[in-house]
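Worksheet: the structure to be examined is printed underneath.
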Amino acid sequence: MEVGADLAHTSWRDDLWVQAFGLSPLNVLDYFALSPFYDRTCLNEQAKLKGLTPKQLAILAPGIEYALRDAQPPHLFVISRQHRPSPAAPETLQAFFYVLDGTVYQAPSLYTAISSRSQRCRFSLQAAFAAMQQDLHPLHVAATDTEDGEGTKEDATDASANRGEDPAVHPLAPETIARVDAAFRTALAQHPLPVAKKLWERAALSEGAPAAAPAGAAVPEAPPGARSREVEASHMGSKQLSVAQ
């Protein structure tokens with residue numbers, strides 16, 4: 001195998017070897033040496049030829065060496081490839097490999113793993129926004145028709161036809177209307193519209209009363225007509241978006 005080659009999409013196994021000897025921390029490096037991930041010029045191979053133990057690999061530096069990093073026998077073994085520049089210098093990690101149930105794989109790099117996850121998240125976000133746009137499209141058309149009249153409806157139909165969309169506006173489902181109404185009620189409860197005080201001041205001015213109550217004085221209740229206008233204004237947005245033409 002060429003040093004530095006990317007074999008992340010390659011796997012290897014030898015069923016006859018596994019059935020004959022099994023896998024353990026003592027022989028997994030010998031099994032790994034049969035795979036295409038193994039570099040025949042590494043320090044491990046030189047140590048075999050010279051009859052040295054794995055603990056004596058450092059004296060053969062510089063070169064590439066393989067070491068067993070972690071093991072959960074008999075299913076999982078993690079092997080690292082590292083470069084040792086000199087006997088006293090620390091090794092530099094180059095790649096990881098793992099043996100899972102007898103099959104050898106090269107572990108992906110951190111960049112490859114993050115890039116793959118990012119692309120998967122981006123696909124999910126695009127699908128979610130597309131579904132949300134399709135769900136809210138009738139609301140947008142209904143609001144446009146209510147505000148601007150039939151001429152705007154024709155313009156929206158022409159625009160939809162130019163985009164290759166279906167110009168027909170389908171009526172909203174009852175559950176969609178209920179969901180939108182509930183969202184408006186929640187928003188108005190958390191952030192009430194500042195219309196009550198303005199309506200009261202307008203009614204007071206029309207009757208010749210002071211525009212604002214003195215400090216510390218109780219504010220009189222708004223006239224019935226102003227109260228009905230306040231309720232109508234607070235629900236106007238909900239009614240406009242819940243009507244589908």
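What you see below is based on every heavy atom in this structure, not just the backbone, and it leaves out hydrogens, waters and symmetry mates. Bear in mind the structure is a predicted one, so any value in this text is a computation, not a measurement.
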Response to the item:
Rounded to the nearest 0.5 angstrom, the OG-OH distance for S118 and Y111 is 9.0 Å

Worksheet item: R40 and S35: which non-hydrogen atoms are nearest, and at how many Å?
Response: NH2-O, 4.5 Å

Worksheet item: Looking at OG of S115 and CG of L110, how far apart are the two atoms once the value is rounded to the nearest 0.5 Å?
Response: 11.0 Å

Worksheet item: Are F37 and L29 in one and the same hydrophobic cluster, where Ile, Leu, Val, Met, Phe, Trp and Tyr link if side-chain heavy atoms are under 4.5 Å apart?
Response: yes

Practice prompt. Hey, could you give me the CD/OG distance between E91 and S86, rounded to the nearest 0.5 Å?
Written response: 10.5 Å

Response to the item:
Closest non-hydrogen atoms of F77 and P25, given as atom of the first, atom of the second and distance, are CE2-N, 3.7 Å

Worksheet item: Using 4.0 Å as the upper bound for N to carboxylate O, is an ion pair formed by D15 and R13?
Response: yes

Discussion item. For the CZ atom of F96 and the CD1 atom of I79, what is their distance to the nearest 0.5 Å?
Written reply: 11.5 Å

Discussion item. Please tell me whether W17 and V104 are part of a single hydrophobic cluster in this structure, the criterion being side-chain heavy atoms less than 4.5 Å apart.
Written reply: yes

Worksheet entry | Full working for side chain to side chain donor-acceptor pair (under 3.5 Å) between Q106 and R81 | CA-CA 10 Å; Q106 179 178 349; R81 184 183 69 199; over 6 Å; no

Worksheet item: Of the non-hydrogen atoms in R69 and S80, which two are nearest, and what is the gap between them?
Response: NE-OG, 3.0 Å

Item to complete: With E65 as reference, evaluate L60, L57, D39 under the side-chain contact (heavy atoms from CB on, under 4.5 Å) test and give the passing residue.
Response: L57

Discussion item. Set out, in order, the CA-CA distance, both residues' side-chain angles and the distance that settles side chain to side chain contact (heavy atoms under 4.5 Å, CB included) for K48 and D30, then state yes or no.
Written reply: CA-CA 10 Å; K48 290 180 183 179; D30 296 330; 3.6 Å; yes

Worksheet item: Out of curiosity, does L34 fall in the hydrophobic cluster containing L68 (side-chain heavy atoms, cut-off under 4.5 Å, transitive links)?
Response: yes

Worksheet item: Can you name the nearest heavy-atom pair linking S24 to N27, along with the distance?
Response: N-OD1, 2.8 Å

Practice prompt. Could you tell me whether the side chain of N44 and the main chain of Y66 form a donor-acceptor pair under 3.5 Å?
Written response: yes

Worksheet item: When rounded to the nearest 0.5 angstrom, what distance separates OG1 in T112 from CZ in R117?
Response: 12.5 Å

Discussion item. Looking at R120, is its backbone amide N or carbonyl O close enough to the side chain of S124 to form a donor-acceptor pair, meaning the two atoms are under 3.5 Å apart?
Written reply: yes

Practice prompt. Grab the two heavy atoms, one from P85 and one from P62, that are nearest each other, plus how far apart they are.
Written response: O-CB, 3.1 Å

Practice prompt. Treat each ILVMFWY residue as a node, draw an edge where side-chain heavy atoms are under 4.5 Å apart, and state whether I64 and L93 are in one component.
Written response: no

Discussion item. Are F21 and Y38 linked, directly or through intermediate hydrophobic residues, by side-chain heavy-atom contacts shorter than 4.5 Å (ILVMFWY only)?
Written reply: yes

Worksheet, complete the sentence: Distance col, row Q19:CD vs D14:CG, nearest 0.5 angstrom, shows 9.5 Å

Fill in: Closest non-hydrogen atom pair, I59 against Q56
CG1-O, 2.9 Å

Fill in: For F97, the option from Y31, W12, Y105, F32 that meets ring pair (Phe, Tyr, Trp, His ring centres under 6.0 Å)
F32

